[in-house]
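Right, one structure below, let's go through it.
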Amino acid sequence: MRQQLKDFIEAIGKDAVAIIPAAHEVTRSYDTEFKFHQDPDFFYLTGFPEPDAIAVITPANKRNPFTLFVRPRDPLMETWYGRREGTEGAMKNYAASKALPIEKFATELPKLLNGNEKLYYRFGVDNKLDQQILQYLSAQRFRRLKTPYPPHTIVDPTILIHEMRLHKTEAEVELMQKSADIAAEAHVLAMKSARPGMNESSIEAIIEHHFRMNGAAGVSYNSIVGGGANATILHYVENNAELKDGDLLLIDAGAHYQGYASDITRTFPVNGKFTKAQREVYDIVLETEIACVEFTRKGNTIKQRQDLSIEMLTEGLKKLGILHGDTQDLIKNKKYEKYYMHGVGHYLGLDVHDAGRYFTDAAAKNSRPFAPGMVLTVEPGLYIPPDDADAPEQYRGIGIRIEDDVLVTEDGNVNLTINCPKQAEEIEEIMAKTS
Ligand code: GLY
Ligand code: MN
Ligand code: MN
């Protein structure tokens, strides 16, 4: 059994039962589906990769604390749609103490629920399962309390699972490092390959080819490959424009490796040489990024890091002659927001925007301090709109973001994406060697 599942069993306690469903396939059109993506919470606890499964965790049942309901083996279905683990595989390869065909879930439900005080289940995700559980709970009311009764307290299990996911184990960090390495190499390949006249789509293909060739399942989010002013569109994913001599290219792309995401952004000149104006903006973003990486350490808060990025970028915008006046006034009036409108980073793990709370209180008043085992991105950027009358002409249409993935440790941090060059000279050198 996975350590994470052991910890979860320990955490929910003996008077509880947890029901954790897998994801379902999603129809793309008629009888074809989107590439399957397992539910990260289910994957975290079980490692089971197939759709339409349900894990039921019953800590009080010493011999059988982990029941997995799965799609049964079926030669015809497997010929059409792929291999299945079946109940045997669920027990042998995924440490289920008991495995049953998914069709049995409804009839087993009363037995699994009854006699427990608490049910850990997240309503509002899987509508069909919600209905099954609600129907049983409501039918049970007619019986009053004369027979063993189902849980009275319902708790969202993500409260626990997401806290666990937030603090990565050594084994998880190893997978995240591998995911980061694959992505870092892909970004270097992109730098080596970019030329004026190429299409953004070719660069996207080069990156994603590298992911697949190196064991990644694919991307951890849709790659952003934006040349010129396309870099000022935060979630630009069309990736189909020609790359122009003299423009910058912003690439935000990460791999999905054994479930774990990496998330890297690099911005570099299409022709291999930054212009003076591009370099001025670049160095402001880079300096901010390096300072925020350094700041990502135990005890400092997420809000403090955001404030640091805002202050440094506001100072930078003043230096460029885009903003004018007192820095604190500019910050108070959010004048930077036209050019820097997103957060400086987020948790990273099984999801690219990973699980975990950003505040220590439900009212979201107190920003959370960084703690060892957390992995966060650092991704400041500046995006000067192409038609911005407030900006000197040479800066208009420049979009720059630099993004690394950082593990917080006991005495500092580890930059998992350190192997992806980001100093302007380093990038120019790599690009010069190949042009
Ligand atoms: N690529 C998504 C992000 O950087 O958050
Ligand atoms: Mn990103
Ligand atoms: Mn990111």
Side-chain angles (χ1 to χ4, degrees), residues 1-2 4-9 11-12 14-27 33 36-78 80-116 118-140 148 150-151 154-158 160-161 259 350:
M1 189 185 291
R2 294 190 141 197
Q4 313 38 326
L5 184 54
K6 285 186 191 158
D7 293 345
F8 182 70
I9 287 174
I12 66 174
K14 292 221 183 312
D15 61 349
V17 52
I19 298 177
I20 314 286
H24 302 293
E25 284 180 308
V26 180
T27 302
E33 282 83 35
F36 178 66
H37 182 66
Q38 186 58 286
D39 178 89
D41 289 340
F42 178 85
F43 183 78
Y44 180 78
L45 293 180
T46 68
F48 194 69
E50 295 180 15
D52 307 332
I54 302 175
V56 181
I57 323 287
T58 44
N61 189 339
K62 270 256 173 307
R63 257 189 326 130
N64 177 27
F66 171 31
T67 305
L68 206 46
F69 291 87
V70 299
R71 301 178 309 178
R73 299 291 313 268
D74 180 329
L76 183 65
M77 291 301 279
E78 289 183 56
W80 278 87
Y81 302 111
R83 296 187 178 88
R84 296 176 172 188
E85 288 287 347
T87 51
E88 220 170 273
M91 291 178 72
K92 194 160 147 245
N93 303 324
Y94 296 90
S97 45
K98 184 174 172 187
L100 293 167
I102 186 70
E103 290 78 11
K104 290 253 159 62
F105 179 76
T107 48
E108 290 290 310
L109 188 60
K111 251 191 284 170
L112 293 164
L113 289 182
N114 289 349
N116 289 293
K118 280 190 251 171
L119 166 63
Y120 281 84
Y121 177 70
R122 177 167 243 203
F123 279 103
V125 178
D126 187 327
N127 198 25
K128 187 171 154 233
L129 189 54
D130 287 358
Q131 291 312 317
Q132 277 182 318
I133 293 172
L134 286 172
Q135 269 162 21
Y136 177 66
L137 292 178
S138 94
Q140 192 60 19
I154 296 169
V155 188
D156 185 342
T158 60
L160 286 171
I161 301 170
L350 289 170

Are D126 and H24 packed together at the side-chain level, in the sense that at least one heavy-atom pair is separated by less than 4.5 angstrom?
yes

With a 3.5 Å distance limit and no angle check, can you tell me whether N116 reaches the backbone of K118 through a side-chain donor-acceptor pair?
no

Any chance the side chains of Y136 and Q140 put a donor and an acceptor closer than 3.5 Å?
yes

Starting from the C-alpha separation in whole Å, work towards a yes-or-no answer on side chain to side chain contact (heavy atoms under 4.5 Å, CB included) for I154 and L137.
CA-CA 11 Å; I154 296 169; L137 292 178; 3.9 Å; yes

Verdict with supporting geometry, V70 and E85, side chain to side chain contact (heavy atoms under 4.5 Å, CB included)
CA-CA 8 Å; V70 299; E85 288 287 347; over 6 Å; no

My understanding is that only residues two or more places apart in sequence, or in another chain, count here; which of them pass ring pair (Phe, Tyr, Trp, His ring centres under 6.0 Å) with Y81?
none

Results of ring pair (Phe, Tyr, Trp, His ring centres under 6.0 Å) for F42 - residues two or more places apart only
none

Listed partners of E33 passing side chain to side chain donor-acceptor pair (under 3.5 Å), at least two apart
none

Heavy-atom nearest pair, Y94 first then P49, reads OH-CD, 3.4 Å

Determine whether E50 and R83 make a side-chain contact, defined as any pair of heavy atoms from C-beta on separated by less than 4.5 Å.
no

Would you say the side-chain atoms of D130 pair up with the backbone N or O of G124, donor to acceptor, closer than 3.5 Å?
yes

With a 4.5 Å cut-off on side-chain heavy atoms, are Y121 and L129 touching?
yes

Result block: side-chain N/O donor-acceptor pairs under 3.5 angstrom for residues 16-23, not counting sequence neighbours:
none

Can you pull out every side chain to side chain donor-acceptor pair (under 3.5 Å) where at least one residue sits in residues 97-107? Sequence neighbours excluded, please.
N64-S97

Show, in sequence, the C-alpha distance, side-chain angles and deciding distance for R84 and D74, and conclude whether the side chain to side chain contact (heavy atoms under 4.5 Å, CB included) test is met.
CA-CA 8 Å; R84 296 176 172 188; D74 180 329; 3.9 Å; yes

Listed partners of E78 passing side chain to side chain donor-acceptor pair (under 3.5 Å), at least two apart:
R73

For I9 and M1, what are the C-alpha separation, side-chain angles and deciding distance, and is it a side chain to side chain contact (heavy atoms under 4.5 Å, CB included)?
CA-CA 11 Å; I9 287 174; M1 189 185 291; 3.7 Å; yes

What I'd like to find out is whether the side chain of T46 reaches to under 4.5 Å of the side chain of F66, using heavy atoms alone.
yes

